[in-house]
Amino acid sequence: QIDRQLAAFVRMVGSPPDHIDSHHHLHRLFNVARLFLAAGRRYNVPVRGFSDVVFVGRFWGQPEFGKTDMSKISVEVMVSMLRALKPGVTEVSCHPGHVETRPDAIYNREREVELATLTDERVKNTVTEEGIRLINYRDYARMSREAR
C-alpha cells in the first residue's frame, strides 16, 4: 500500500515526496514503522520522527478530540514555542486554512485561528529576533547532503 501511494505521488507530481509521514502519526507504530523506513530509504527521503528533524506537535487547538481550546493556538503560545526551540532543525506542525462548509469537518474554525496566528506580526518578529530560518524538507535534504 505504501509503495502504491508513493508511486502514485511520483506519477502525479513528477518527483518523490520531500519526506514521508502519515495521518495521526500512524507510521510510527511499532508494527508498521519498518515499512515506512524502508520506503524512505528507497526514495531517499526522511521519515517524520526518524530523522534529525525535531517534530513539535503542540500547536493544536483540540487537546481532546473534538473539544476545542483556542488558547492552545494563540499568538502567545506560538511565540513561546519559537523562543524555546533548541539549535537544529525543528518542524512545527500546524493546520492553517479557512473554514470548510463540509458537515464532517472536525478541525475547522481552529484552522482560521492558526492561520491568523502564523501570519501575526508578533510571530514574524519573533522569528526574526530568534534568528530562525524558515525552511522546508527540500532545504533540509540539501543541507544534509552538504553537511556530508
For M78 and V92, work out which heavy atoms get closest and say how close. CE-CG1, 4.0 Å

Side-chain contact test, heavy atoms from C-beta onward, threshold under 4.5 Å: evaluate it for R138 versus R142 and give yes or no. no

Donor-acceptor check, side chain of E114 to backbone of E112, threshold 3.5 angstrom: yes or no? no

In this structure, would V79 and V56 fall into the same cluster of hydrophobic residues linked by side-chain contacts under 4.5 Å? yes

Could you tell me whether a side-chain N or O of T128 sits under 3.5 Å from a main-chain N or O of K124, the two making a donor and an acceptor? yes

Aromatic contact between H19 and Y140, with the criterion being ring centroids under 6.0 Å apart: yes or no? no

Side chain proximity check, I73 to E110, heavy atoms < 4.5 angstrom: yes

State, to 0.1 Å, how close L118 and V123 come at their nearest heavy-atom pair, and which atoms those are. O-CG1, 4.1 Å

Looking only at heavy atoms, the pair that brings F9 and P16 closest together is CE2-C, 3.6 Å

When rounded to the nearest 0.5 Å, the distance separating OG of S80 from CZ of R58 is 8.0 Å

Nearest 0.5 angstrom please: T126 OG1 to I132 CD1, how far? 7.5 Å

Say whether L115 and V99 are linked into one hydrophobic cluster, either directly or through other cluster members, by side-chain heavy-atom distances under 4.5 angstrom. no

Rounded to the nearest 0.5 angstrom, the CG-CG distance for L35 and L29 is 11.0 Å

Find the distance between OG (S144) and OH (Y137) and round it off to the nearest 0.5 Å. 10.5 Å

Check whether any side-chain heavy atom of R48 lies under 4.5 Å from a side-chain heavy atom of S93, and answer yes or no. no

Would a single hydrophobic cluster contain both V32 and Y43, if residues Ile, Leu, Val, Met, Phe, Trp and Tyr are joined by side-chain heavy-atom contacts under 4.5 Å? yes

Supply the atom-to-atom distance D139 CG to D18 CG, rounded to the nearest 0.5 angstrom. 9.5 Å

Inspect the contact between R42 and D3 and indicate whether a charged nitrogen and a carboxylate oxygen are less than 4.0 angstrom apart. yes

Tell me whether V89 is reachable from F50 by hopping between hydrophobic residues (I, L, V, M, F, W, Y) whose side-chain heavy atoms are closer than 4.5 Å. no

Just wondering, are more than 12 heavy atoms of other shown residues or ligands nearer than 6.0 Å to CG in N44? no

If you define the side chain from C-beta out and look only at heavy atoms, does anything of F55 sit under 4.5 Å from D21? no

Following the transitive rule for hydrophobic clusters with a side-chain heavy-atom cut-off under 4.5 Å over Ile, Leu, Val, Met, Phe, Trp and Tyr, establish whether V45 and F36 coincide in one cluster. yes

Counting C-beta onward and ignoring hydrogens, is there a side-chain heavy-atom pair between V113 and T117 closer than 4.5 Å? yes

Closest approach of S71 to D69 (non-hydrogen atoms, all atoms of both residues): OG-OD1, 2.5 Å

For the student: nearest non-hydrogen atoms of L6 and P17, plus distance: CD2-CG, 3.7 Å

Kindly indicate whether the side chain of V47, heavy atoms from C-beta on, has any atom under 4.5 Å from the side chain of H27. yes

Would the number of heavy atoms belonging to other residues, nucleotides or ligands and lying under 6.0 Å from CD of E64 be above 12? no

Give the ring-plane orientation class for Y107 versus W60, where under 30° counts as parallel, over 60° as perpendicular and anything between as tilted. parallel

Within the 4.5 Å heavy-atom criterion, are M81 and L85 side-chain neighbours or not? no

Student check: side-chain heavy atoms of H95 and Q62 closer than 4.5 Å: no

